[in-house]
Peer 1: 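One structure, pasted below without further comment.
So you know, we letter chains A, B, ... as the sequences are listed, proteins then strands, and number each from 1.
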Amino acid sequence: MRFTLEIEPLDLDLTLGCGQVFRWSRTGRGDWIGPIGRHLVTLGWENGRLSVSAQPGETRMPARVSEFLRASDDIMEIQSTLSGDSVLSSGLERFRGLRIVKMDEWECLASYVLATYANIPRIAKMIDEVSMRFGHEIVDGVRSFPSPSDLREASVGELQKCGLGYRAKYLHSISRCIDRAEIRRLKLLEYRDLRRELMTLPGVGEKVADCVSLFGFGKLDAFPIDVWIERAISRLFNLEGSYKTIRGFATQRWGDFAGYAQEYLYFNERALAKSSGCEFSRCAQDQG
DNA sequence: GCCCAGGAGTGTG
DNA sequence: CACACTCATGGG
């Protein structure tokens with residue numbers, strides 16, 4: 001099936017390129033291809049509209065793509081609000097097409113447990129390997145990310161063969177803590193309670209809980225802090241401290257849109273490392 | 001070879 | 001509370 005959507009603004013390279021999702025890849029023509037549930041989807045542009053093609057059989061695909069790309073987020077309002085921040089205001093429009101994605105809750109949880117202390121190419125490889133061994137084929141050579149019950153078939157040793165290292169025991173364990181009913185229950189919680197409950201799972205600390213809250217459960221007030229965000233906060237705001245300290249700062253400063261602020265800071269800091277970044281301006285009181 | 005990575009868990013001061 | 005250490009390994 002093939003259809004178009006109006007989702008604006010949207011930059012596929014920024015949104016799917018690095019960091020949020022790990023199973024999407026860019027084709028030579030600039031299209032993006034990746035799985036949504038058990039459907040392989042291609043996203044591209046056609047006369048200024050987002051063109052979506054997927055294999056037939058899912059009538060709700062337009063709604064699923066819209067949800068995945070958070071089509072209902074009012075980016076203009078979000079950027080307008082954040083532009084009131086003296087540090088963020090100067091570089092925001094560069095990231096206008098960057099949208100936070102809404103991943104499947106379970107896939108997001110499992111993916112970010114695997115993402116601990118690994119770089120993005122390796123994370124993608126681990127997830128791909130786990131999918132190839134334990135997922136279901138959706139088209140030739142592509143498999144869905146395995147469900148919790150799919151993974152219950154796997155031993156720790158088999159998971160380790162996917163290159164997971166010490167993460168194997170965590171994935172093995174959480175696949176036995178989580179099922180559809182538990183996800184359904186967690187979806188009812190607000191961010192603070194969700195975060196606390198996620199952190200009871202083995203292999204889920206503050207950072208993973210915040211990533212899962214943001215990218216899996218759509219909690220835009222979550223603010224995941226990794227080494228890049230630490231760097232950005234230190235460089236731009238001259239603030240260093242514990243996770244709690246930095247998260248408190250972000251919550252107070254950006255509130256309900258902290259998640260978007262985090263993505264802007266994350267991408268800017270990574271781009272800066274590749275010396276192609278458009279710097280946000282430093283906090284006025286910290287200059288000199 | 002070296003350094004680093006969308007960290008978490010555990011133990012100690 | 002703050003550190004220090006370990007975990008297991010591939011990518012650049």
Peer 1: Mind checking E263(A) for me? I need base, sugar-phosphate or nothing, with any heavy atom below 4.0 Å counting as a touch.
Peer 2: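 Answer is base: heavy atoms of E263(A) come under 4.0 Å of a base.
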Peer 1: Could you say whether M199(A) or Q20(A) is positioned toward the 5' end of DNA chain B, judged by the nucleotide with the nearest heavy atom to each?
Peer 2: Q20(A)
Peer 1: Below 4.0 angstrom, N of the basic side chain to O of the carboxylate: do E158(A) and K161(A) qualify?
Peer 2: no
Peer 1: Identify whether the distance between the nearest side-chain nitrogen and carboxylate oxygen of E6(A) and R49(A) falls below 4.0 Å.
Peer 2: yes
Peer 1: Please report the distance, rounded to the nearest Å, between CZ in R270(A) and P in dG12(C).
Peer 2: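 My rounded result for the distance is 11 Å.
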Peer 1: To the nearest angstrom, how far is E240(A) atom CD from dC1(C) atom P?
Peer 2: 19 Å
Peer 1: Say whether, by atom type as modelled, one donor and one acceptor occur between the side chain of R23(A) and the main chain of P35(A) under 3.5 angstrom.
Peer 2: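 No; judged by distance alone, with no hydrogens or angles, the pair does not exist.
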Peer 1: Is it the case that over 12 heavy atoms from other parts of the model lie below 6.0 angstrom from the CZ atom of R180(A)?
Peer 2: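 Counting neighbours around CZ of R180(A), 12 or fewer heavy atoms of other residues, nucleotides or ligands fall under 6.0 Å, so no.
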Peer 1: Could you tell me how far dG11(B) sits from dA8(C) if I compare only their P atoms? Round to whole Å.
Peer 2: 16 Å
Peer 1: Please determine if D210(A) and K207(A) form a salt bridge, counting it only when a charged side-chain N lies under 4.0 Å from a carboxylate O.
Peer 2: no
Peer 1: For DNA chain B, find the residues of residues 153-177 of chain A with a heavy-atom distance under 4.0 Å and give them by number; none if there aren't any.
Peer 2: Y166(A), Y170(A)
Peer 1: Output the residues of residues 200-226 of chain A in contact with DNA chain C, where contact means a heavy atom of the residue under 4.0 Å from an atom of the strand; sort by number or write none.
Peer 2: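 Within residues 200-226 of chain A, no residue comes under 4.0 Å of DNA chain C.
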Peer 1: Does R231(A) make a side-chain N or O approach to OP1 or OP2 of dA5(B) shorter than 4.0 Å?
Peer 2: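 Looking at the OP1 and OP2 atoms of dA5(B), one of them is under 4.0 Å from a side-chain N or O of R231(A).
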Peer 1: When the P atoms of dG12(C) and dG7(B) are considered, how many whole Å apart are they?
Peer 2: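 Pairwise P distance, dG12(C) against dG7(B), rounds to 16 Å.
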Peer 1: Might you point out which heavy atoms bring S111(A) and M103(A) nearest each other, and give the distance in Å?
Peer 2: OG-CE, 4.3 Å
Peer 1: Scan residues 106-132 of chain A against DNA chain C and write down, sorted by residue number, each residue with any heavy atom closer than 4.0 Å; if none is found, say none.
Peer 2: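 Contacting residues: Y117(A), N119(A), P121(A), R122(A), K125(A).
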Peer 1: Strictly below 4.0 Å, N to O, side chains only: are E129(A) and R133(A) in salt-bridge contact?
Peer 2: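 Result for this pair is yes, salt bridge flagged.
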Peer 1: Taking atom P of dG6(B) as reference, at what distance in whole Å does atom CD of Q262(A) sit?
Peer 2: 13 Å
Peer 1: Between R2(A) and E46(A) (salt bridge meaning N to carboxylate O under 4.0 Å), is one present in this structure?
Peer 2: yes
Peer 1: Pick from T15(A), T42(A), D13(A), T27(A): which one makes a side-chain hydrogen bond (donor to acceptor under 3.5 Å, both in side chains) with W32(A)?
Peer 2: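 Passing option: D13(A).
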Peer 1: Between dC1(C), dA5(B), dG6(B), which nucleotide has the shortest distance from any of its atoms to the side chain of V227(A)?
Peer 2: dA5(B)
Peer 1: Please give the distance between the P atoms of dC7(C) and dG6(B) as a whole number of Å.
Peer 2: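 To the nearest whole Å, 22 Å.
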Peer 1: Check the distance between dG11(C)'s P and F22(A)'s CZ and give it to me in whole angstrom.
Peer 2: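 So the CZ-P distance, F22(A) to dG11(C), works out to 15 Å.
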Peer 1: Can you give me the closest heavy-atom contact between G218(A) and K102(A), atom names plus distance?
Peer 2: N-CD, 4.2 Å
Peer 1: Which of parallel (below 30°), tilted (30 to 60°) and perpendicular (above 60°) describes Y170(A) and Y166(A)?
Peer 2: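 Rings of Y170(A) and Y166(A): perpendicular, as their planes differ by over 60°.
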